[in-house]
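Keep in mind it's a predicted model, so treat the numbers as computed, not measured.
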Amino acid sequence: MEKVSPRSQVAALLLLLVGACVSPAGRRGGPYDVILHGGWIVDGSGNPRYAGDVAISGDRIAAVGYLGSATARDTLDVSGLVVAPGFIDMLGQSETNVLIDNRVLSKVTQGITTEVTGEGGSVAPLTDLLVVDDSVWMKKYGVQEDWRDLNGYFAHLARTKSAVNIATFVGATQVRMAVVGKRDRHATPEELAHMVALVDTAMAQGALGLSTSIEYAPAFYAPTEEIIALAQAARRHGGVYASHMRNEGGQIDQALDETFRIAREADIPAEIWHLKVSGRRNWGRMPHVLARIDSARAAGLDVTADQYPYLAGATSLDASVPAWAHSGGNDSLIARLRDPAIRARLRAELLAPPQATDRFYRATEGPQGVIVFPFEDSLHYLQGKRLSEIAAARKQDPIETLFDLVIADHARSGAIYFLMSEPDVRAAMQQWWVAVNTDAGGVAPDGPFGKEGTHPRAYGSFTRILGRYVREQHLMTLEYAVRKMTSLAAQRVGLTDRGLVRPGMYADITVFDPARVLDRATFEQPHQPSVGIEYVFVNGEAVLRRGKMTDARPGRGLRGPGYVPAR
């Protein structure tokens, strides 16, 4: 939970200069805490790897290069291994998972040391009513939401501890639900002023910026002007704007237009979360999308993106229900699905002739493209089954099956949707301004989420790129991939003291075997940790040693550039 002050930045620079110019043998004050000896240093800058040593003192990198006869309390021979900055997950979903299982094993075992979270919904601000809405999920896992603002959340995180660092955006969805609720209407001027004040508070307490997830209810009820006003508040505190755009398929051009407008009118850097082109009728359009973003950048907008390297996305099962039916929240949605006339109308919309603008169920072009993850224990026998299988077993129409599952699980079921094409995924991955995310919460095979459904990206986004796309397919160099996973992400969200292997930086370090690193998680068997990640250090402490989790929980809550410490 720290923000780097100008004084500490100067100190870090001095330490860098000392580390670069003074022989470690000449250091005074005793040995280092850790030396990683003889590895290939891929420093996160994109420069070529080089052989050398890395020394850690406390929570910082103390020296890098040839360290000769320098000693440490713990010297590790990492010959043949790559020593890289700790990977930064540009969009995770572990903000509450980490309070339940603080190992976040699926993240650590793919080399992640920092997670960025807060996709539209965020841990704060909370109201008593929103806590009641969360109560079923929280009670299931034994979490008490005893905070109402970001300071309170970070205090809770400090008590329960974490293996990785957590940083968060403040979600536009969150402030809308706190003030306006879940109805399909615009905010009044007074309500908008209240929402802006909530963003101001969250930014002063350390949020990285404003986020949106405007493809989902109730976020898509917000007009662009509302988002601009909130983004302007975030920008006053040095924040950025990150968005799950309003559409990722047939209307992606309109969604890009909106993102560019928000960036321009709020004068704020923009990050497009989990960049993709969804739906078979839109496949092949990624080069067009990339060209549009390049053009926006050339015109003076600061726009970048991130992605996960899979052909399927994951969200809620009820996201497949047409948008208008969600007004008022889950209770209202369930009531509509139980009304025969409204249900028939919704079914007709899902059965209409395919269009480029189709979303989720319709974009998969069939129930075989949907994998279901129920929430209720009574429905766990359906875990990981395709909607087509469930419908066949019930001798029921797939759309009626979808509606019945949403009702039975009170709109809490998750789902995987097969939406993307490999050429489009590869095209985005090759862009120098596209970072990496998991878009998933940290889980573990032997933990409280081990019997729950998850997407393989929870375990394998980073290692999949390093193993399949770097080593096997030669789509990019190792140095290029590591830069996307580290310094690019750190720069985007203002974590200026992480993302590089340099003296003075925080000692978030990932050590892996470039010949062996690989993802193992699949859609059928997702709870399989990656292989080839040997050591992971977070703030100077090893959370993974020789591929095994340790008992260390040195992760911290990381604050954004607008953080003002409480007095």
Side-chain angles (χ1 to χ4, degrees), residues 36 39-51 54 78-92 104-115 164 274-275 306-311 422 425-440 442 455-490 498-501 508-522 526 528-538 543-544 546-547:
L36 301 172
W40 286 105
I41 299 172
V42 178
D43 68 5
S45 69
N47 288 334
R49 72 192 78 181
Y50 61 96
V54 176
V78 294
S79 301
L81 304 180
V82 169
V83 181
F87 301 155
I88 298 174
D89 184 352
M90 272 295 285
L91 175 59
V104 286
L105 180 144
S106 65
K107 299 299 180 85
V108 172
T109 51
Q110 60 178 303
I112 292 166
T113 58
T114 295
E115 178 186 299
V164 303
H274 47 60
L275 179 66
D306 51 74
Q307 69 168 162
Y308 49 81
Y310 294 89
L311 304 186
E422 181 70 15
V425 170
R426 289 167 60 92
M429 195 181 300
Q430 289 176 284
Q431 293 300 306
W432 62 271
W433 41 259
V434 175
V436 183
N437 74 61
T438 66
D439 195 14
H455 192 296
R457 65 195 184 191
Y459 286 91
S461 281
F462 289 77
T463 47
R464 184 176 181 84
I465 291 173
L466 293 172
R468 299 181 190 276
Y469 291 102
V470 173
R471 184 180 65 245
E472 296 176 3
Q473 299 183 19
H474 306 290
L475 187 65
M476 68 192 83
T477 66
L478 180 64
E479 291 85 349
Y480 186 85
V482 168
R483 185 195 67 84
K484 287 157 62 72
M485 298 172 177
T486 57
S487 64
L488 173 61
R498 300 176 195 270
L500 291 168
V501 178
D508 292 351
I509 296 172
T510 292
V511 182
F512 63 91
D513 184 347
R516 199 169 64 89
V517 64
L518 192 66
D519 65 309
R520 295 172 62 235
T522 66
Q528 298 189 81
S530 294
V531 296
I533 303 293
E534 297 296 326
Y535 298 91
V536 175
F537 289 83
V538 176
V543 297
L544 193 77
R546 297 183 179 89

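- Here the side chains of Lys107 and Phe87 are not in contact, with every heavy-atom distance at 4.5 Å or above.
- Of the candidates Val531, Ile533, Leu518, Thr463 forms a side chain to side chain contact (heavy atoms under 4.5 Å, CB included) with just one, namely Ile533.
- Inter-residue side-chain proximity for Tyr459 and Gln528 is flagged as unmet; no heavy-atom pair is nearer than 4.5 Å.
- Under the 6.0 Å distance and 45° angle rule, Arg457 does not count as a cation-pi partner of Tyr310.
- Remark: Met90 CE to Leu488 CG distance equals 7.0 Å, nearest 0.5 Å.
- Heavy atoms only, all atoms of each residue included: Ala481 and Val470 are closest at CB-CG2, 3.7 Å.
- Closest of all the heavy-atom pairs between Ala521 and Pro526 is CB-O, 3.1 Å.
- Side-chain N or O atoms of Glu479 include one that pairs as donor or acceptor with a backbone N or O of Arg49 at under 3.5 Å.
- Residues Leu466 and Val82 have side chains not in contact (no heavy-atom distance under 4.5 Å, counting atoms from C-beta outward).
- What you find for Ser487 and Gly44 is that their closest heavy atoms are OG-O, 2.5 Å.
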Counting only pairs under 3.5 Å, give me each side-chain donor-acceptor contact of residues 508-516, with atom names and distances, residues two or more places apart or in other chains.
from: Asp508; atom 1: OD1; to: Arg498; atom 2: NH1; distance (Å): 3.3
from: Asp508; atom 1: OD1; to: Asn539; atom 2: N; distance (Å): 2.8
from: Asp508; atom 1: OD2; to: Asn165; atom 2: ND2; distance (Å): 3.0
from: Asp508; atom 1: OD2; to: Arg498; atom 2: NH1; distance (Å): 2.7
from: Thr510; atom 1: OG1; to: Gly111; atom 2: O; distance (Å): 2.7
from: Asp513; atom 1: OD1; to: Ala515; atom 2: N; distance (Å): 3.0
from: Arg516; atom 1: NH2; to: Glu534; atom 2: OE2; distance (Å): 2.5

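- Between Leu36 atom CG and Phe537 atom CZ the span is 5.0 Å, to the nearest 0.5 Å.
- Looking at Ser530, its side chain never comes within 3.5 Å of a backbone N or O of Gln110 through a donor-acceptor pair.
- Between the side chain of Lys484 and the backbone N or O of Val434, at least one donor-acceptor pair lies under 3.5 Å.
- Here CZ of Phe462 is found 7.0 Å from CG of Asn437. Values are rounded to the nearest 0.5 Å.
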Q | CA sep, side-chain torsions, deciding dist, call: Val54, Ile41, side-chain contact (heavy atoms from CB on, under 4.5 Å) | A | CA-CA 8 Å; Val54 176; Ile41 299 172; 3.8 Å; yes
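- The line from CG of Asp306 to CG of Leu275 is 8.0 Å long, rounded to the nearest 0.5 Å.
- A donor-acceptor pair under 3.5 Å is absent between the side-chain atoms of Tyr308 and the main chain of His274, judged by distance alone.
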Q: Under the side-chain contact (heavy atoms from CB on, under 4.5 Å) rule, what do Ile465 and Met485 come out as? Steps first, then yes or no, please.
A: CA-CA 10 Å; Ile465 291 173; Met485 298 172 177; 3.7 Å; yes
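- Every residue was checked against the side chain to side chain donor-acceptor pair (under 3.5 Å) condition with Thr477, not counting sequence neighbours, and none meets it.
- In this structure a side-chain-to-backbone donor-acceptor pair under 3.5 Å is missing from Gln430 to Met476.
- Interatomic distance, Tyr469 OH to His474 NE2, rounded to the nearest 0.5 Å: 14.5 Å.
- A search for side chain to side chain donor-acceptor pair (under 3.5 Å) contacts involving Asp519 returns Arg464, Arg468, not counting sequence neighbours.
- Rounded to the nearest 0.5 angstrom, Asp89 CG and Ser461 OG are separated by 7.0 Å.
- Contact detail for Pro85 and Gly499: the closest heavy-atom pair is CG-O, 3.4 Å.
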